[in-house]
Structure formats: structure tokens, C-alpha cells
Amino acid sequence: MDELNQLILQRRDKLEKLHKLGINPYPYHFDRTHTSQEIIDQFQDLNEKGVSVAGRIMSNRQMGKAAFFHLQDMKGKIQVYLKKDEVGDTEFELYKLLDIGDIVGIFGKVFKTRTGEISIFCQKLELLSKSLRPLPIVKEKIEDDHKVVFDPFSDKELRYRQRYVDLVVNPHVREVFIKRSKIITGMRQFLDQYEFLEVQTPILQPLYGGATARPFVTHHNALDMKLYLRIADELYLKRLIIGGFEGVYEFGNDFRNEGIDRFHNPEFTQMELYVAYKDYAWMMEFTENMVSQTAHKVLGNMKIKFQNQTIDLTPPWKRLPLFEGIKEYTGIDISQMEEEALRNTAEDLGIAAENSWGSGKIIDEIFGEFVEPKLIQPTFITDYPVEMSPLAKKHRENPRLVERFEPIIAGKEIGNAFSELNDPLDQRERFEAQMNLRAKGDEEAQVLDEDFLRALEYGMPPTAGLGIGIDRLVMLLTDSASIRDVIFFPQMRPE
RNA sequence: GGGCCAGUAGCUCAGCCGGUAGAGCAGCGGCCUUUUAAGCCGUUGGUCGAAGGUUCGAUUCCUUCCUGGCUCACCA
């Protein structure tokens with residue numbers, strides 16, 4: 001508990017006075033007829049008409065026996081003009097006990113002030129919730145048609161810890177999260193056109209799989225067993241394909257017990273999709289259509305600005321096989337190299353390859369260092385080495401590769417997809433190879449899932465699968481530099 | 001985990017080659033019945049992130065720690 005400072009004590013004092021005036025500072029409901037935005041949009045029709053609005057007081061200018069203040073609701077702000085002659089002594093007393101941050105309801109007539117601002121001439125004022133804690137005051141003015149903000153609430157630590165305050169005083173933050181919601185809705189609408197089934201699969205799993213990452217571990221008391229928070233949905237969604245659903249998707253949170261930085265939060269959102277009888281080539285087209293159409297729906301454009309770069313999401317996106325990409329950006333053809341040669345090449349390129357790394361890991365490092373950051377425009381990197389992708393189907397033309405792609409935009413992968421491995425014997429071998437890596441000390445190597453293999457043995461149709469990192473996509477479409485700006489409550493150390 | 005930077009009033013920030021703190025906004029009091037970063041006059045408010053050290057004296061110098069940001073490493 002922090003101590004009650006003077007400002008809070010003053011507000012508690014006002015609360016007492018309100019009680020003494022017989023006013024309930026926390027009443028039960030309020031009937032509003034319009035939002036702030038509706039009044040502004042429909043001013044021609046509403047001028048001189050009675051309306052009621054509700055919202056939080058965000059500014060206050062008292063001038064003797066009259067006052068102006070702004071109310072903020074979900075859609076914006078509207079000015080209220082109040083004068084003592086109109087509302088009477090009692091309500092003017094109430095007004096004087098109000099603070100910025102209080103939530104009030106107003107009945108009044110729409111009008112335009114002398115300076116031209118659409119406002120409400122208050123006839124009745126009702127307190128809906130007394131605020132006891134001072135909000136950061138952010139002042140702004142319109143200059144040359146754009147908004148100038150003074151002393152914005154900008155301390156990142158405070159903004160993340162008290163996101164509720166951030167949302168109240170920083171409209172652009174609200175916008176980002178509205179867009180986030182629209183992006184997810186847009187994707188869902190796109191997916192539903194195909195009649196895919198939206199499903200939920202377990203978050204608490206006895207075995208974790210579907211990705212290479214360290215898990216969070218927890219314990220179930222009644223069953224007295226270890227459980228893991230999922231690192232991916234993949235293996236359960238494929239079980240559903242085996243069960244006969246021919247298209248399933250899930251928006252869900254995955255949990256990875258790894259570092260935190262501006263691209264990583266331990267808890268993040270992913271959309272995974274699996275479609276029977278399709279392959280990764282089909283999925284590439286699907287992906288570029290879904291992302292570009294969602295962007296168009298939310299932003300009205302397929303050309304977007306991201307960190308001072310212009311990115312064109314219009315399909316088709318470039319297809320670039322992994323080895324060709326590495327050749328293009330390093331001049332070295334590593335496609336035929338064995339582990340030893342790869343290791344030497346990596347060293348020559350200045351990458352300190354650790355002993356536990358297999359060839360897949362080394363290739364991934366070279367790619368991540370020399371190619372990925374250069375891929376600003378949307379690019380599908382395709383055809384990864386088989387060791388890097390234990391759940392992907394071997395390439396139809398080259399058994400050393402798998403049919404996999406990652407969509408890369410602005411130098412960051414936003415997803416991962418493949419023709420799903422449905423050969424149960426091959427899958428068992430791949431799992432075993434992973435177990436060997438694990439035995440060598442690779443803590444992120446995947447674990448063998450006997451039930452998943454049993455499911456595969458019953459037969460899974462040819463299937464294409466896709467995972468899209470929703471947080472990264474939202475960053476891209478909202479021009480946000482940090483994942484913390486697109487997650488309401490990013491992980492923080494306790495205060 | 002490494003490197004760099006930051007933490008001073010409710011918010012945004014000054015100050016600091018040592019002498020126990022300032023501004024703007026907010027708040028409080030006064031004037032003001034169409035203002036808009038309203039204005040004018042007055043005024044309250046701080047264990048200067050925490051602990052230790054150096055010193056007659058530390059917000060200022062040193063050490064350690066805490067929290068956060070950026071960045072590198074690992075990863076989606």
C-alpha cells in the first residue's frame with residue numbers, strides 16, 4: 001500500500017462532503033442516448049436537441065459561476081458547458097466537488113460554442129463514480145490542424161504497470177488495442193469463409209511439443225503429476241485433423257520460458273491453422289491473402305508504414321528457398337555441405353558455433369544473421385533442412401529438405417508453416433533424432449509424444465499447417481516497435 | 001546474463017565539479033456566467049529508487065542492490 005498523499009486525502013474529503021449532501025458517489029446505472037462521437041457526427045440533426053452522455057472528466061475550466069469540461073467515453077471526447085443559473089445551486093455544489101478523473105452523466109442540449117466547438121449545455125449533472133486517485137494530466141491543443149500534446153504520460157514502467165491509466169490518457173494506445181481486436185476479428189472472418197472450425201485445445205499438457213522452446217512447468221495436485229503450459233497447439237490440432245475435421249484453427253496463448261525483450265513475451269498469442277488435403281504451396285497463397293486482406297480491412301490499405309519503412313503486403317509475396325537466400329546474401333552455397341563444412345563456414349562468417357549445435361541449427365544461425373534482417377518486403381523463405389523441422393514433411397524433390405516456409409516481413413518472421421508430416425514411421429525417426437539432440441544437451445529439442453504417434457498411425461490426410469504470431473503481426477500493422485505495446489499487460493517484475 | 005542510460009512533487013522535467021531542493025501542469029484558496037494548454041493573484045505538496053561508505057556536511061562523490069529502458073547474446 002502506498003501512503004495516502006495530499007491529493008488523495010483531498011479527494012476523500014470531497015467524497016465525505018458528497019455523502020453529507022446525500023449524493024451516492026457510486027450509483028448503479030445511467031441511461032445515455034449518445035456517445036461523444038455520435039453527437040459530433042450528427043450535429044446537424046442534434047443541434048438544440050436534448051441528449052445524455054456519460055464519461056470521464058478529462059479537463060476542467062471553471063470560470064466563476066460557469067465551467068467547461070471535457071468528457072471522454074470510448075469513442076472520444078465532448079465538451080460540456082455548465083452554468084449555475086441553469087443547473088441550480090445544488091448541482092453547482094456537486095460540480096465543485098468533482099475532479100478530473102470522475103465519471104459523470106450529463107443531460108443537456110447540444111450546441112456550438114462561440115469558438116465553434118460542438119458541446120453540451122448541461123441541464124442535469126449526475127456523478128457516476130468518484131475518482132480518488134489523481135490521473136496524470138495531459139493537455140493538448142490543436143495547432144495547424146494537428147494535435148499538440150503537452151507533457152504526455154510517457155514513463156514506460158508506469159504505463160505498463162498501470163495500463164489502465166495509460167489507456168485513459170493516451171488515445172493512441174487505445175487505438176493500437178482496438179486495431180489488435182480488429183485484426184483478430186478480420187482473420188477470423190477470413191478463416192470462417194472457408195468453413196474451418198474454430199477449436200480450443202489443452203493449455204495444460206502432460207507433454208509439450210510442436211515447437212522448439214523451453215516450457216513452463218506446473219503441478220496438478222489431485223493427479224499428483226507434472227504438467228506443462230503449452231509451447232504450441234500443433235500436436236493437438238493435428239489430432240483433430242486425424243479425427244476427421246478437415247480444417248481447424250485456434251487463436252490461443254502459448255508460453256515459452258525464455259528471455260524477455262521487445263520481440264518476446266513469455267505469454268504470447270498465436271493462430272494455428274490446419275487444412276486437410278492441402279500442401280505448403282497452397283498455404284503460402286492462403287497466408288499472403290489472409291494477411292494482406294486483413295491489413296486492408298483494418299487499415300484500408302495493403303501498403304503500410306513500419307518504423308519509417310514502407311511495406312507492400314499486396315500478393316504475391318516473394319518466394320525464396322532458404323539456401324538460395326543464404327547464397328544471395330553471403331555469396332556462399334551451403335546446400336551440399338555436411339555438418340563439418342557448415343561449422344567451418346559459420347566460423348568464417350564470424351558465428352561462434354557451439355558444439356551442441358547440429359547442422360540445422362548452424363544453418364538457422366547463418367540465416368538469422370545474414371539474411372533475415374535484410375528481408376523487409378514480405379518474403380516466404382522456403383525449404384528448410386530436415387533436421388530443423390521434425391514435424392514437417394520431406395520435400396517432394398529433395399529428401400534433405402522439408403516443405404516448410406516462414407513468412408518474413410520487416411526482417412522478422414511472423415509465422416511458420418509446412419506440409420505436415422503424416423508418415424508415422426518417419427515421424428518416429430524424427431522424434432528419435434530430437435531425443436538424441438536432447439541427450440547431447442540441447443534443452444530445446446522436442447520430446448517424443450507416443451500418443452501423437454499412435455494417432456498418426458491411424459492415418460492423417462495430407463495436411464498443410466500454419467502458425468501466425470499475432471503479437472508480431474499486430475506490431476507490424478500498428479507500427480509498434482515493442483511487443484509490450486501490443487500486449488495489454490506485458491510481463492514485469494513485481495513492484 | 002553482458003554493455004550503456006535512467007529513477008528528484010500526482011504527471012512532465014530542471015538542479016547536482018558537496019552546503020539538507022526548483023519549474024510547468026494538476027491540487028488548494030480568491031476573482032471571473034461561451035472557455036479551450038482559459039486567464040490573473042496567492043498557496044500546499046518531496047525520507048531527491050534503497051542501503052552502506054567518504055565527508056564537519058551527500059540529491060550531488062564512491063560501492064552494492066532494486067526497478068525500468070535501449071542494446072548484444074538466446075528465441076516466435
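What's counted below: heavy atoms across the whole structure, side chains too, no hydrogens, waters or symmetry copies. Residue numbering restarts at 1 for every chain, and letters A, B, ... go by the order of the sequence lines.
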Any base atoms under 4.0 Å from [X], or only sugar-phosphate, or nothing? Heavy atoms, all strands.
| X | answer |
| --- | --- |
| A/Arg493 | sugar-phosphate |
| A/Arg256 | base |
| A/Glu365 | sugar-phosphate |
| A/Asn265 | base |
| A/Leu158 | sugar-phosphate |
| A/Asp254 | nothing |
| A/Thr212 | sugar-phosphate |
| A/Lys83 | base |
| A/Glu86 | nothing |
| A/Glu406 | nothing |
| A/Arg214 | nothing |
| A/Lys14 | sugar-phosphate |
| A/Arg484 | sugar-phosphate |
| A/Phe153 | sugar-phosphate |

With a 3.5 Å cut-off and heavy atoms only, can you find an N or O donor on one side and an acceptor on the other between the side chain of [X] and the base of [N]?
| X | N | answer |
| --- | --- | --- |
| A/Gln79 | B/rU35 | yes |
| A/Thr113 | B/rU35 | yes |
| A/Arg114 | B/rU34 | no |

Considering just the side-chain nitrogens and oxygens of A/Lys139, establish if one lies under 4.0 Å of OP1 or OP2 belonging to B/rA26. yes

Taking atom [atom1] in both [N] and [M], compute the distance separating them and give it to the nearest angstrom.
| N | M | atom1 | value |
| --- | --- | --- | --- |
| B/rU60 | B/rC41 | P | 36 Å |
| B/rU67 | B/rC25 | P | 36 Å |
| B/rG30 | B/rG7 | P | 38 Å |
| B/rU59 | B/rA21 | C1' | 8 Å |
| B/rA50 | B/rA58 | P | 15 Å |

Looking at A/Lys238 and A/Glu234, is any side-chain nitrogen of the basic one under 4.0 Å from a carboxylate oxygen of the acidic one? yes

Are the charged groups of A/Glu406 and A/Lys412 less than 4.0 angstrom apart, N to O?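 Salt bridge flag = no for A/Lys412 with A/Glu406.
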
With a 3.5 angstrom cut-off on both distances, give the Watson-Crick or G-U wobble partner of [N], or none if there isn't one.
| N | value |
| --- | --- |
| B/rG18 | none |
| B/rA23 | B/rU12 |
| B/rU63 | B/rA51 |
| B/rG46 | none |
| B/rG1 | B/rC72 |
| B/rU33 | none |

What is the ring orientation for A/Phe488 with A/Phe177, classed by angle as parallel under 30°, tilted 30 to 60°, or perpendicular over 60°?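 Rings of A/Phe488 and A/Phe177: parallel, as their planes differ by under 30°.
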
Geometric class of the A/Phe92/A/Tyr95 ring pair [parallel <30°, tilted 30-60°, perpendicular >60°]: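 A/Tyr95 vs A/Phe92 ring planes: tilted.
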
Does A/Phe268 form a side chain to side chain contact (heavy atoms under 4.5 Å, CB included) with A/Asp254? I'd like the steps, not just the answer. CA-CA 6 Å; A/Phe268 65 103; A/Asp254 294 337; 3.7 Å; yes

Side chains of A/Ser389 and A/Leu421: does their closest heavy-atom pair fall under 4.5 Å? no

What is the distance, to the nearest angstrom, from the CG atom on A/Asp102 to the P atom on B/rG27? 11 Å

Result of checking A/Tyr228, A/Phe216, A/Tyr236 against A/Tyr208 for ring pair (Phe, Tyr, Trp, His ring centres under 6.0 Å):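 By the ring pair (Phe, Tyr, Trp, His ring centres under 6.0 Å) criterion, A/Tyr208 pairs with just one of A/Tyr228, A/Phe216, A/Tyr236: A/Tyr228.
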
